[in-house]
Number of protein chains: 2
Amino acid sequence: MKQTEYLPHIAYDSVIIGFTGDELKILIMEYHNTGLYALPGGFVKKNEDLNEAAKRGLEERTGLKNIFLEQFYTFGDTKRHQPEVLRTIIEANEKTPHESLQWLLDRFISVAYYALINYHDVVPKPDALSDSCTWYPLKKLPPLILDHADIVNRAIFALRENIDRKLVTVNLLPATFTMKELQHVYEAILDTNIRRTTFQRQMLASELLVRHDKRYSGKAHKAPYVYSFKAKKP
Amino acid sequence: MKQTEYLPHIAYDSVIIGFTGDELKILIMEYHNTGLYALPGGFVKKNEDLNEAAKRGLEERTGLKNIFLEQFYTFGDTKRHQPEVLRTIIEANEKTPHESLQWLLDRFISVAYYALINYHDVVPKPDALSDSCTWYPLKKLPPLILDHADIVNRAIFALRENIDRKLVTVNLLPATFTMKELQHVYEAILDTNIRRTTFQRQMLASELLVRHDKRYSGKAHKAPYVYSFKAKKP
DNA sequence: TATTATTGTTACAAATTGAGACAATAATAA
DNA sequence: TTATTATTGTCTCAATTTGTAACAATAATA
(Lines give C-alpha, C1' and ligand atoms only; values in the text may rest on other atoms or scores of the structure.)
Protein backbone atom coordinates (compact mmCIF):
# COMPACT_ATOMS: atom_id res chain seq x y z
CA MET A 1 0.00 0.00 0.00
CA LYS A 2 2.39 2.66 -1.21
CA GLN A 3 1.33 6.26 -1.43
CA THR A 4 2.63 6.68 -4.95
CA GLU A 5 0.05 4.26 -6.29
CA TYR A 6 -2.90 6.25 -5.01
CA LEU A 7 -4.45 9.69 -5.29
CA PRO A 8 -3.64 11.52 -2.07
CA HIS A 9 -6.38 12.87 0.23
CA ILE A 10 -9.08 10.77 -1.43
CA ALA A 11 -10.63 7.65 0.08
CA TYR A 12 -13.83 5.69 -0.16
CA ASP A 13 -15.80 3.86 2.49
CA SER A 14 -18.41 1.18 1.92
CA VAL A 15 -21.46 0.31 3.96
CA ILE A 16 -21.88 -3.32 2.96
CA ILE A 17 -25.37 -4.48 3.85
CA GLY A 18 -26.69 -8.03 4.04
CA PHE A 19 -30.00 -9.48 5.19
CA THR A 20 -30.10 -12.59 7.37
CA GLY A 21 -33.80 -13.27 7.07
CA ASP A 22 -34.89 -11.03 9.88
CA GLU A 23 -32.42 -8.18 10.22
CA LEU A 24 -29.91 -6.10 8.32
CA LYS A 25 -26.25 -6.60 9.03
CA ILE A 26 -23.23 -4.53 8.12
CA LEU A 27 -19.62 -5.54 7.56
CA ILE A 28 -17.27 -3.92 10.07
CA MET A 29 -13.48 -4.20 10.25
CA GLU A 30 -11.51 -4.36 13.46
CA TYR A 31 -7.90 -3.18 13.41
CA HIS A 32 -5.14 -5.27 14.97
CA ASN A 33 -4.60 -4.73 18.69
CA THR A 34 -6.46 -1.44 18.85
CA GLY A 35 -10.10 -2.18 19.63
CA LEU A 36 -10.93 0.28 16.84
CA TYR A 37 -13.75 -0.49 14.45
CA ALA A 38 -14.30 1.02 11.02
CA LEU A 39 -16.12 0.63 7.76
CA PRO A 40 -14.20 -1.17 5.04
CA GLY A 41 -12.66 1.34 2.70
CA GLY A 42 -9.72 2.05 0.51
CA PHE A 43 -8.05 4.40 -1.89
CA VAL A 44 -8.23 5.29 -5.55
CA LYS A 45 -5.40 4.32 -7.85
CA LYS A 46 -3.99 7.08 -9.98
CA ASN A 47 -5.35 5.57 -13.16
CA GLU A 48 -8.59 4.13 -11.87
CA ASP A 49 -12.18 5.36 -11.96
CA LEU A 50 -13.51 6.32 -8.55
CA ASN A 51 -16.46 3.94 -8.80
CA GLU A 52 -14.17 1.16 -10.01
CA ALA A 53 -12.00 1.62 -6.96
CA ALA A 54 -14.97 1.11 -4.67
CA LYS A 55 -16.02 -1.94 -6.66
CA ARG A 56 -12.51 -3.40 -6.45
CA GLY A 57 -12.41 -2.95 -2.69
CA LEU A 58 -15.80 -4.56 -2.35
CA GLU A 59 -14.71 -7.60 -4.34
CA GLU A 60 -11.60 -7.93 -2.21
CA ARG A 61 -13.67 -7.90 0.97
CA THR A 62 -16.51 -10.16 -0.13
CA GLY A 63 -15.19 -12.22 -3.03
CA LEU A 64 -18.29 -11.26 -5.01
CA LYS A 65 -18.45 -9.57 -8.40
CA ASN A 66 -21.24 -7.56 -9.99
CA ILE A 67 -22.55 -6.31 -6.71
CA PHE A 68 -25.11 -3.56 -6.40
CA LEU A 69 -23.03 -0.59 -5.31
CA GLU A 70 -24.26 2.96 -5.06
CA GLN A 71 -22.50 6.16 -4.21
CA PHE A 72 -24.59 8.28 -1.85
CA TYR A 73 -22.51 11.06 -0.28
CA THR A 74 -19.03 12.49 0.04
CA PHE A 75 -17.80 13.31 3.51
CA GLY A 76 -15.30 16.14 3.68
CA ASP A 77 -15.51 17.95 6.99
CA THR A 78 -12.21 18.95 8.54
CA LYS A 79 -13.26 17.40 11.83
CA ARG A 80 -13.00 13.95 10.27
CA HIS A 81 -9.24 14.50 10.13
CA GLN A 82 -8.00 12.81 13.33
CA PRO A 83 -4.41 11.79 12.72
CA GLU A 84 -4.08 10.37 16.25
CA VAL A 85 -6.60 7.65 15.40
CA LEU A 86 -4.69 6.65 12.29
CA ARG A 87 -1.42 6.84 14.22
CA THR A 88 -2.79 4.30 16.70
CA ILE A 89 -3.74 1.96 13.87
CA ILE A 90 -0.38 2.34 12.15
CA GLU A 91 1.63 1.84 15.30
CA ALA A 92 -0.29 -1.30 16.21
CA ASN A 93 0.54 -2.74 12.83
CA GLU A 94 3.44 -5.16 12.77
CA LYS A 95 3.55 -6.26 9.18
CA THR A 96 4.21 -3.03 7.32
CA PRO A 97 7.08 -0.57 7.99
CA HIS A 98 5.44 2.38 9.68
CA GLU A 99 7.20 4.98 7.54
CA SER A 100 5.46 3.72 4.43
CA LEU A 101 2.07 4.40 6.04
CA GLN A 102 2.69 7.98 7.12
CA TRP A 103 0.58 9.31 4.26
CA LEU A 104 -2.48 7.88 6.02
CA LEU A 105 -2.11 10.68 8.56
CA ASP A 106 -3.10 13.26 5.96
CA ARG A 107 -6.54 14.71 5.70
CA PHE A 108 -8.90 12.57 3.58
CA ILE A 109 -12.14 13.26 1.83
CA SER A 110 -14.19 10.09 1.64
CA VAL A 111 -16.69 9.12 -1.01
CA ALA A 112 -19.22 6.79 0.58
CA TYR A 113 -21.03 3.87 -1.04
CA TYR A 114 -23.55 1.35 0.09
CA ALA A 115 -23.54 -2.18 -1.26
CA LEU A 116 -26.30 -4.76 -1.05
CA ILE A 117 -25.37 -8.39 -1.05
CA ASN A 118 -26.75 -11.80 -0.31
CA TYR A 119 -25.64 -12.40 3.24
CA HIS A 120 -25.26 -16.15 2.82
CA ASP A 121 -22.99 -15.84 -0.22
CA VAL A 122 -20.22 -14.06 1.64
CA VAL A 123 -17.21 -15.08 3.68
CA PRO A 124 -15.74 -11.70 4.70
CA LYS A 125 -12.00 -11.25 4.35
CA PRO A 126 -10.00 -8.72 6.39
CA ASP A 127 -7.49 -6.43 4.72
CA ALA A 128 -3.82 -5.86 5.54
CA LEU A 129 -4.35 -3.57 8.51
CA SER A 130 -7.29 -5.33 10.14
CA ASP A 131 -7.65 -8.70 11.77
CA SER A 132 -11.35 -9.20 11.39
CA CYS A 133 -14.13 -8.31 9.03
CA THR A 134 -17.38 -9.31 10.65
CA TRP A 135 -21.11 -8.91 10.24
CA TYR A 136 -22.76 -6.75 12.89
CA PRO A 137 -26.50 -6.16 13.25
CA LEU A 138 -27.31 -2.64 12.14
CA LYS A 139 -28.92 -2.02 15.50
CA LYS A 140 -25.93 -3.25 17.48
CA LEU A 141 -22.89 -1.72 15.85
CA PRO A 142 -19.74 -1.21 17.88
CA PRO A 143 -18.49 2.38 18.27
CA LEU A 144 -16.91 3.36 14.97
CA ILE A 145 -13.94 5.63 14.31
CA LEU A 146 -14.15 9.12 12.83
CA ASP A 147 -17.53 9.88 11.27
CA HIS A 148 -18.28 6.31 10.26
CA ALA A 149 -21.47 6.17 12.32
CA ASP A 150 -22.76 9.17 10.35
CA ILE A 151 -21.85 7.38 7.15
CA VAL A 152 -23.90 4.34 8.17
CA ASN A 153 -26.89 6.48 9.09
CA ARG A 154 -26.84 8.29 5.82
CA ALA A 155 -26.47 5.01 3.93
CA ILE A 156 -29.62 3.62 5.52
CA PHE A 157 -31.42 6.84 4.72
CA ALA A 158 -30.38 6.57 1.08
CA LEU A 159 -31.38 2.92 0.98
CA ARG A 160 -34.87 3.75 2.25
CA GLU A 161 -35.29 6.39 -0.42
CA ASN A 162 -34.36 3.88 -3.08
CA ILE A 163 -36.40 0.95 -1.85
CA ASP A 164 -39.11 1.33 -4.45
CA ARG A 165 -37.41 3.40 -7.11
CA LYS A 166 -34.46 1.12 -7.62
CA LEU A 167 -35.60 -2.38 -6.79
CA VAL A 168 -32.86 -2.65 -4.22
CA THR A 169 -34.39 -5.66 -2.50
CA VAL A 170 -33.35 -7.89 -5.42
CA ASN A 171 -29.86 -7.80 -4.10
CA LEU A 172 -30.66 -8.84 -0.56
CA LEU A 173 -32.63 -11.98 -1.38
CA PRO A 174 -31.84 -15.30 -3.00
CA ALA A 175 -33.01 -15.89 -6.56
CA THR A 176 -36.42 -17.05 -5.40
CA PHE A 177 -38.25 -16.08 -2.26
CA THR A 178 -41.68 -16.06 -0.71
CA MET A 179 -43.86 -13.03 -0.32
CA LYS A 180 -43.26 -13.13 3.41
CA GLU A 181 -39.50 -13.09 2.92
CA LEU A 182 -39.81 -10.09 0.64
CA GLN A 183 -41.96 -8.37 3.20
CA HIS A 184 -39.37 -9.01 5.90
CA VAL A 185 -36.73 -7.23 3.82
CA TYR A 186 -38.97 -4.22 3.48
CA GLU A 187 -39.68 -4.23 7.18
CA ALA A 188 -35.99 -4.49 8.06
CA ILE A 189 -35.04 -1.61 5.77
CA LEU A 190 -37.91 0.67 6.71
CA ASP A 191 -37.92 -0.42 10.34
CA THR A 192 -41.71 -0.63 10.39
CA ASN A 193 -44.43 -3.22 10.33
CA ILE A 194 -46.21 -3.64 7.03
CA ARG A 195 -49.76 -4.90 6.57
CA ARG A 196 -49.57 -8.26 4.89
CA THR A 197 -52.52 -8.04 2.50
CA THR A 198 -51.80 -4.54 1.29
CA PHE A 199 -48.17 -5.41 0.71
CA GLN A 200 -49.05 -8.53 -1.25
CA ARG A 201 -51.56 -6.65 -3.38
CA GLN A 202 -49.09 -3.89 -4.21
CA MET A 203 -46.25 -6.24 -5.02
CA LEU A 204 -48.43 -8.30 -7.35
CA ALA A 205 -49.82 -5.16 -8.99
CA SER A 206 -46.31 -3.83 -9.58
CA GLU A 207 -45.73 -6.50 -12.23
CA LEU A 208 -42.14 -6.85 -11.09
CA LEU A 209 -42.53 -10.40 -9.83
CA VAL A 210 -42.82 -13.76 -11.53
CA ARG A 211 -44.66 -16.44 -9.60
CA HIS A 212 -43.20 -19.94 -9.57
CA ASP A 213 -44.21 -23.22 -7.92
CA LYS A 214 -45.09 -23.57 -4.27
CA ARG A 215 -42.47 -24.22 -1.67
CA TYR A 216 -43.29 -27.00 0.80
CA SER A 217 -41.64 -26.18 4.08
CA GLY A 218 -42.84 -29.20 6.08
CA LYS A 219 -44.92 -26.96 8.32
CA ALA A 220 -48.57 -27.60 9.08
CA HIS A 221 -50.09 -24.96 6.85
CA LYS A 222 -50.64 -23.87 3.29
CA ALA A 223 -47.44 -23.71 1.25
CA PRO A 224 -46.52 -20.28 -0.19
CA TYR A 225 -45.63 -19.60 -3.78
CA VAL A 226 -42.10 -18.48 -4.48
CA TYR A 227 -41.34 -15.49 -6.65
CA SER A 228 -38.43 -13.99 -8.52
CA PHE A 229 -37.90 -10.54 -9.94
CA LYS A 230 -38.51 -10.12 -13.65
CA ALA A 231 -35.60 -7.75 -14.13
CA LYS A 232 -32.41 -9.08 -12.65
CA LYS A 233 -29.70 -6.95 -11.14
CA PRO A 234 -28.93 -3.84 -13.16
CA MET B 1 -4.79 30.61 -6.72
CA LYS B 2 -1.70 28.81 -5.46
CA GLN B 3 -1.61 25.06 -5.26
CA THR B 4 -0.27 25.06 -1.72
CA GLU B 5 -3.48 26.58 -0.42
CA TYR B 6 -5.68 23.77 -1.71
CA LEU B 7 -6.11 20.03 -1.44
CA PRO B 8 -4.74 18.54 -4.66
CA HIS B 9 -6.90 16.43 -6.97
CA ILE B 10 -10.14 17.59 -5.36
CA ALA B 11 -12.55 20.08 -6.88
CA TYR B 12 -16.20 20.97 -6.66
CA ASP B 13 -18.61 22.11 -9.34
CA SER B 14 -21.92 23.85 -8.80
CA VAL B 15 -25.07 23.73 -10.87
CA ILE B 16 -26.60 27.05 -9.89
CA ILE B 17 -30.26 27.09 -10.80
CA GLY B 18 -32.62 30.05 -11.03
CA PHE B 19 -36.20 30.43 -12.22
CA THR B 20 -37.23 33.35 -14.40
CA GLY B 21 -40.95 32.85 -14.13
CA ASP B 22 -41.28 30.41 -16.97
CA GLU B 23 -38.04 28.45 -17.27
CA LEU B 24 -35.04 27.24 -15.34
CA LYS B 25 -31.68 28.84 -16.00
CA ILE B 26 -28.20 27.80 -15.06
CA LEU B 27 -25.08 29.88 -14.46
CA ILE B 28 -22.33 29.06 -16.95
CA MET B 29 -18.81 30.50 -17.09
CA GLU B 30 -16.93 31.27 -20.28
CA TYR B 31 -13.14 31.25 -20.20
CA HIS B 32 -11.13 34.08 -21.73
CA ASN B 33 -10.44 33.74 -25.44
CA THR B 34 -11.19 30.06 -25.64
CA GLY B 35 -14.87 29.63 -26.44
CA LEU B 36 -14.92 27.04 -23.66
CA TYR B 37 -17.88 26.88 -21.29
CA ALA B 38 -17.96 25.29 -17.88
CA LEU B 39 -19.85 25.10 -14.63
CA PRO B 40 -18.61 27.40 -11.89
CA GLY B 41 -16.39 25.47 -9.52
CA GLY B 42 -13.39 25.69 -7.31
CA PHE B 43 -11.10 23.96 -4.87
CA VAL B 44 -11.05 23.05 -1.22
CA LYS B 45 -8.68 24.86 1.10
CA LYS B 46 -6.51 22.65 3.24
CA ASN B 47 -8.28 23.66 6.40
CA GLU B 48 -11.79 24.04 5.09
CA ASP B 49 -14.84 21.76 5.16
CA LEU B 50 -15.79 20.45 1.73
CA ASN B 51 -19.33 21.80 1.94
CA GLU B 52 -18.01 25.16 3.17
CA ALA B 53 -15.78 25.39 0.14
CA ALA B 54 -18.73 24.96 -2.18
CA LYS B 55 -20.68 27.54 -0.21
CA ARG B 56 -17.80 30.00 -0.39
CA GLY B 57 -17.53 29.59 -4.16
CA LEU B 58 -21.23 30.11 -4.52
CA GLU B 59 -21.15 33.33 -2.54
CA GLU B 60 -18.28 34.60 -4.64
CA ARG B 61 -20.19 33.94 -7.83
CA THR B 62 -23.61 35.21 -6.76
CA GLY B 63 -23.00 37.56 -3.85
CA LEU B 64 -25.70 35.71 -1.89
CA LYS B 65 -25.39 34.05 1.48
CA ASN B 66 -27.43 31.27 3.05
CA ILE B 67 -28.26 29.67 -0.24
CA PHE B 68 -29.86 26.27 -0.57
CA LEU B 69 -26.94 24.10 -1.63
CA GLU B 70 -27.01 20.34 -1.87
CA GLN B 71 -24.34 17.84 -2.71
CA PHE B 72 -25.66 15.18 -5.07
CA TYR B 73 -22.81 13.19 -6.62
CA THR B 74 -19.06 12.90 -6.91
CA PHE B 75 -17.59 12.50 -10.37
CA GLY B 76 -14.35 10.55 -10.49
CA ASP B 77 -13.97 8.79 -13.81
CA THR B 78 -10.50 8.85 -15.33
CA LYS B 79 -11.93 10.01 -18.65
CA ARG B 80 -12.77 13.36 -17.09
CA HIS B 81 -9.03 14.01 -16.92
CA GLN B 82 -8.34 15.99 -20.09
CA PRO B 83 -5.23 18.08 -19.47
CA GLU B 84 -5.32 19.51 -22.99
CA VAL B 85 -8.56 21.33 -22.16
CA LEU B 86 -7.09 22.86 -19.05
CA ARG B 87 -3.91 23.68 -20.95
CA THR B 88 -5.97 25.70 -23.43
CA ILE B 89 -7.59 27.63 -20.63
CA ILE B 90 -4.30 28.30 -18.87
CA GLU B 91 -2.51 29.40 -22.01
CA ALA B 92 -5.30 31.80 -22.94
CA ASN B 93 -4.96 33.43 -19.55
CA GLU B 94 -2.94 36.62 -19.49
CA LYS B 95 -3.20 37.69 -15.88
CA THR B 96 -1.61 34.81 -14.01
CA PRO B 97 1.87 33.33 -14.66
CA HIS B 98 1.24 30.03 -16.36
CA GLU B 99 3.69 28.10 -14.20
CA SER B 100 1.61 28.76 -11.10
CA LEU B 101 -1.39 27.10 -12.74
CA GLN B 102 0.31 23.88 -13.80
CA TRP B 103 -1.33 21.96 -10.96
CA LEU B 104 -4.66 22.38 -12.74
CA LEU B 105 -3.41 19.84 -15.27
CA ASP B 106 -3.60 17.05 -12.67
CA ARG B 107 -6.44 14.62 -12.45
CA PHE B 108 -9.36 15.95 -10.36
CA ILE B 109 -12.25 14.28 -8.63
CA SER B 110 -15.18 16.67 -8.47
CA VAL B 111 -17.87 16.81 -5.84
CA ALA B 112 -20.99 18.26 -7.45
CA TYR B 113 -23.60 20.49 -5.87
CA TYR B 114 -26.77 22.11 -7.01
CA ALA B 115 -27.88 25.45 -5.68
CA LEU B 116 -31.30 27.06 -5.92
CA ILE B 117 -31.54 30.80 -5.92
CA ASN B 118 -33.88 33.62 -6.67
CA TYR B 119 -32.97 34.55 -10.22
CA HIS B 120 -33.77 38.23 -9.81
CA ASP B 121 -31.54 38.64 -6.74
CA VAL B 122 -28.34 37.81 -8.56
CA VAL B 123 -25.77 39.69 -10.57
CA PRO B 124 -23.33 36.94 -11.59
CA LYS B 125 -19.62 37.65 -11.19
CA PRO B 126 -16.92 35.88 -13.22
CA ASP B 127 -13.84 34.47 -11.53
CA ALA B 128 -10.17 35.05 -12.30
CA LEU B 129 -9.96 32.70 -15.27
CA SER B 130 -13.26 33.49 -16.93
CA ASP B 131 -14.62 36.59 -18.55
CA SER B 132 -18.30 35.91 -18.24
CA CYS B 133 -20.69 34.22 -15.89
CA THR B 134 -24.07 34.16 -17.54
CA TRP B 135 -27.52 32.63 -17.16
CA TYR B 136 -28.39 30.08 -19.83
CA PRO B 137 -31.75 28.36 -20.23
CA LEU B 138 -31.45 24.76 -19.10
CA LYS B 139 -32.75 23.68 -22.48
CA LYS B 140 -30.26 25.77 -24.45
CA LEU B 141 -26.92 25.26 -22.79
CA PRO B 142 -23.76 25.75 -24.79
CA PRO B 143 -21.48 22.71 -25.16
CA LEU B 144 -19.69 22.26 -21.84
CA ILE B 145 -16.18 21.02 -21.14
CA LEU B 146 -15.32 17.62 -19.65
CA ASP B 147 -18.31 15.86 -18.12
CA HIS B 148 -20.14 19.03 -17.13
CA ALA B 149 -23.18 18.17 -19.23
CA ASP B 150 -23.51 14.92 -17.25
CA ILE B 151 -23.23 16.90 -14.05
CA VAL B 152 -26.10 19.16 -15.10
CA ASN B 153 -28.27 16.19 -16.05
CA ARG B 154 -27.71 14.49 -12.76
CA ALA B 155 -28.39 17.73 -10.89
CA ILE B 156 -31.79 18.07 -12.51
CA PHE B 157 -32.52 14.45 -11.74
CA ALA B 158 -31.65 15.02 -8.07
CA LEU B 159 -33.74 18.18 -8.01
CA ARG B 160 -36.78 16.31 -9.31
CA GLU B 161 -36.40 13.66 -6.64
CA ASN B 162 -36.33 16.33 -3.98
CA ILE B 163 -39.16 18.50 -5.25
CA ASP B 164 -41.66 17.29 -2.69
CA ARG B 165 -39.44 15.85 0.00
CA LYS B 166 -37.35 18.93 0.55
CA LEU B 167 -39.50 21.90 -0.30
CA VAL B 168 -36.94 23.03 -2.84
CA THR B 169 -39.30 25.42 -4.60
CA VAL B 170 -39.03 27.83 -1.65
CA ASN B 171 -35.66 28.84 -2.93
CA LEU B 172 -36.70 29.60 -6.48
CA LEU B 173 -39.56 31.96 -5.70
CA PRO B 174 -39.87 35.37 -4.08
CA ALA B 175 -41.23 35.55 -0.54
CA THR B 176 -44.81 35.60 -1.76
CA PHE B 177 -46.21 34.11 -4.93
CA THR B 178 -49.44 33.04 -6.53
CA MET B 179 -50.57 29.48 -6.95
CA LYS B 180 -49.95 29.77 -10.67
CA GLU B 181 -46.38 30.88 -10.11
CA LEU B 182 -45.79 27.93 -7.83
CA GLN B 183 -47.28 25.64 -10.44
CA HIS B 184 -44.94 27.07 -13.08
CA VAL B 185 -41.92 26.18 -10.95
CA TYR B 186 -43.13 22.62 -10.64
CA GLU B 187 -43.75 22.43 -14.36
CA ALA B 188 -40.30 23.80 -15.17
CA ILE B 189 -38.55 21.35 -12.85
CA LEU B 190 -40.56 18.29 -13.82
CA ASP B 191 -40.84 19.36 -17.47
CA THR B 192 -44.51 18.37 -17.59
CA ASN B 193 -47.89 19.98 -17.58
CA ILE B 194 -49.76 19.83 -14.31
CA ARG B 195 -53.52 19.92 -13.91
CA ARG B 196 -54.43 23.17 -12.26
CA THR B 197 -57.22 22.07 -9.96
CA THR B 198 -55.48 18.94 -8.71
CA PHE B 199 -52.31 20.90 -8.06
CA GLN B 200 -54.15 23.56 -6.13
CA ARG B 201 -55.99 20.99 -4.06
CA GLN B 202 -52.81 19.14 -3.18
CA MET B 203 -50.85 22.24 -2.30
CA LEU B 204 -53.59 23.52 -0.03
CA ALA B 205 -53.96 20.11 1.60
CA SER B 206 -50.22 19.92 2.25
CA GLU B 207 -50.53 22.64 4.91
CA LEU B 208 -47.21 24.09 3.84
CA LEU B 209 -48.65 27.36 2.56
CA VAL B 210 -49.99 30.46 4.25
CA ARG B 211 -52.56 32.45 2.29
CA HIS B 212 -52.26 36.24 2.29
CA ASP B 213 -54.20 39.04 0.59
CA LYS B 214 -55.07 39.12 -3.05
CA ARG B 215 -52.73 40.57 -5.62
CA TYR B 216 -54.31 42.95 -8.12
CA SER B 217 -52.42 42.68 -11.35
CA GLY B 218 -54.43 45.18 -13.39
CA LYS B 219 -55.63 42.42 -15.69
CA ALA B 220 -59.27 41.87 -16.55
CA HIS B 221 -59.98 38.91 -14.34
CA LYS B 222 -60.28 37.70 -10.76
CA ALA B 223 -57.22 38.53 -8.63
CA PRO B 224 -55.33 35.58 -7.15
CA TYR B 225 -54.34 35.18 -3.55
CA VAL B 226 -50.65 35.21 -2.79
CA TYR B 227 -49.05 32.59 -0.59
CA SER B 228 -45.84 32.07 1.33
CA PHE B 229 -44.29 28.93 2.76
CA LYS B 230 -44.81 28.34 6.46
CA ALA B 231 -41.31 26.97 6.98
CA LYS B 232 -38.62 29.22 5.55
CA LYS B 233 -35.37 28.03 4.13
CA PRO B 234 -33.75 25.26 6.18
C1' DT C 1 -60.94 -36.77 10.24
C1' DA C 2 -60.47 -32.65 12.95
C1' DT C 3 -57.03 -29.15 14.09
C1' DT C 4 -53.57 -25.61 13.36
C1' DA C 5 -51.00 -22.05 11.22
C1' DT C 6 -50.40 -19.66 7.32
C1' DT C 7 -51.43 -18.11 2.62
C1' DG C 8 -53.99 -16.13 -1.37
C1' DT C 9 -58.02 -13.76 -2.51
C1' DT C 10 -62.11 -11.21 -2.05
C1' DA C 11 -65.27 -7.68 -0.23
C1' DC C 12 -66.35 -3.29 1.31
C1' DA C 13 -65.39 1.15 3.36
C1' DA C 14 -62.33 5.13 3.35
C1' DA C 15 -59.30 8.11 1.16
C1' DT C 16 -57.17 10.10 -2.88
C1' DT C 17 -57.04 11.52 -7.63
C1' DG C 18 -58.77 12.72 -12.40
C1' DA C 19 -61.62 15.52 -14.99
C1' DG C 20 -64.86 18.72 -15.63
C1' DA C 21 -68.32 22.22 -14.30
C1' DC C 22 -69.37 26.44 -12.29
C1' DA C 23 -69.66 30.58 -9.73
C1' DA C 24 -66.84 34.67 -8.32
C1' DT C 25 -64.44 38.60 -9.76
C1' DA C 26 -61.17 42.42 -11.63
C1' DA C 27 -60.60 45.00 -15.44
C1' DT C 28 -62.22 46.39 -20.14
C1' DA C 29 -65.45 47.34 -23.85
C1' DA C 30 -69.90 48.78 -25.20
C1' DT D 1 -74.17 51.22 -16.24
C1' DT D 2 -73.92 46.90 -18.15
C1' DA D 3 -72.10 43.12 -20.79
C1' DT D 4 -67.73 40.78 -21.84
C1' DT D 5 -63.39 38.46 -20.96
C1' DA D 6 -59.88 35.88 -18.69
C1' DT D 7 -58.63 33.75 -14.70
C1' DT D 8 -59.26 31.95 -10.09
C1' DG D 9 -61.19 29.22 -6.24
C1' DT D 10 -64.19 25.65 -5.19
C1' DC D 11 -67.30 21.91 -5.80
C1' DT D 12 -69.05 17.55 -7.81
C1' DC D 13 -68.90 12.99 -9.25
C1' DA D 14 -66.56 9.13 -11.19
C1' DA D 15 -62.38 6.38 -11.17
C1' DT D 16 -58.68 4.60 -8.73
C1' DT D 17 -56.06 3.31 -4.79
C1' DT D 18 -55.62 2.07 0.03
C1' DG D 19 -57.02 0.35 4.75
C1' DT D 20 -59.18 -3.28 7.04
C1' DA D 21 -61.21 -7.33 7.86
C1' DA D 22 -63.15 -11.62 6.54
C1' DC D 23 -62.82 -15.99 4.40
C1' DA D 24 -61.66 -19.96 1.86
C1' DA D 25 -57.69 -22.99 0.62
C1' DT D 26 -54.24 -26.03 2.13
C1' DA D 27 -50.04 -28.71 4.09
C1' DA D 28 -48.79 -31.01 7.89
C1' DT D 29 -50.02 -32.86 12.56
C1' DA D 30 -52.84 -34.84 16.26
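So you know, we letter chains A, B, ... as the sequences are listed, proteins then strands, and number each from 1. The figures that follow rest on heavy atoms only: side chains count, while hydrogens, waters and symmetry mates do not.
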Protein N or O to nucleotides 12-14 of chain D N or O, pairs below 3.5 Å:
none

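- Whole-Å rounding puts the B:Glu181 CD to D:dT7 C1' distance at 14 Å.
- Regarding B:Gln183, its CD atom lies at a distance of 9 Å from the P atom of D:dT8, rounded to whole Å.
- Protein atom CZ of B:Phe199 is 18 Å distant from nucleotide atom P of C:dT16, rounded to whole Å.
- Atom CD of A:Gln200 is separated from atom C1' of C:dT10 by 12 Å (rounded to the nearest Å).
- Each side chain to side chain donor-acceptor pair (under 3.5 Å) pair with one or both residues in residues 188-199 of chain A, not counting sequence neighbours, appears once here: A:Lys139-A:Asp191.
- Distance A:Gln202 CD to C:dG8 C1': 16 Å, rounded to the nearest Å.
- For the atom pair B:Arg80 CZ and A:Asp49 CG, the distance stands at 11.0 Å (nearest 0.5 Å).
- Candidate nucleotides D:dG9, C:dG8, C:dA19 were compared by shortest atom distance to the side chain of B:Pro224, and D:dG9 ranks first.
- No contact: A:Arg215 has no heavy atom under 4.0 Å from any strand.
- Shown are A:Leu58, A:Asn51, A:Ile16, A:Asp13; of these, the side-chain contact (heavy atoms from CB on, under 4.5 Å) with A:Tyr113 is made only by A:Asn51.
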Next item on the list: Mind running side-chain contact (heavy atoms from CB on, under 4.5 Å) on B:Thr134 and B:Ile28 for me, showing each step along the way?
Entry: CA-CA 5 Å; B:Thr134 315; B:Ile28 302 290; 5.9 Å; no

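- Remark: P of D:dT8 and CG of B:Asp213 are 17 Å apart, rounded to the nearest angstrom.
- Checked by atom type and distance alone, the side chain of A:Gln71 pairs as donor or acceptor with a backbone atom of B:Thr74 at under 3.5 Å.
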Next item on the list: Output, in order, the C-alpha distance, side-chain angles, deciding distance and verdict of salt bridge (charged side-chain N to carboxylate O under 4.0 Å, His left out) for B:Glu59 and B:Arg56.
Entry: CA-CA 5 Å; B:Glu59 287 178 11; B:Arg56 173 177 51 77; over 6 Å; no

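- To the nearest angstrom, C1' of C:dA19 lies 15 Å from CG of B:Asn193.
- Between A:Arg215 and A:Glu181 there is a salt bridge, since a side-chain N of the basic residue sits under 4.0 Å from a carboxylate O of the acidic one.
- Remark: B:Phe19 engages no residue in a ring pair (Phe, Tyr, Trp, His ring centres under 6.0 Å) (not counting sequence neighbours).
- Ion pairing between A:Arg165 and B:Glu161 holds under the 4.0 Å rule for side-chain N and carboxylate O.
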Note to self: As a check on the pairing definition, encode DNA chain D in dot-bracket form, counting Watson-Crick and G-U wobble pairs whose two distances are under 3.5 Å, and using | for partners outside this strand.
What the structure shows: ||||||||||||||||||||||||||||||

Note to self: Using a 4.0 Å heavy-atom cut-off to protein, can you give one letter per nucleotide of nucleotides 20-30 of chain C, 5' to 3': B if the base is in contact, S if only the sugar-phosphate is, - if neither?
What the structure shows: BB--BBBB---

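- Distance, A:Leu204 CG to C:dT10 C1': 13 Å, rounded to whole Å.
- Checked options B:Asn162, B:Val168, B:Val170, B:Leu172; the residue passing with B:Phe68 is B:Val168 (criterion: side-chain contact (heavy atoms from CB on, under 4.5 Å)).
- Among C:dG8, D:dT10, D:dG9, the nucleotide with an atom closest to any side-chain atom of B:Met179 is D:dG9.
- A:Arg211 forms no cation-pi arrangement with A:Tyr227, by the criterion of a distance under 6.0 Å to the ring centre and an angle within 45° of the ring axis.
- Every pair passing ring-ring contact (aromatic ring centres under 6.0 Å, His included) that includes a residue from residues 171-217 of chain B is listed here, sequence neighbours excluded: B:Phe177-B:Phe229, B:Tyr186-B:Phe199.
- Residue A:Arg211 has its side chain nearest to C:dG8 when only D:dT18, C:dG8, D:dG9 are considered.
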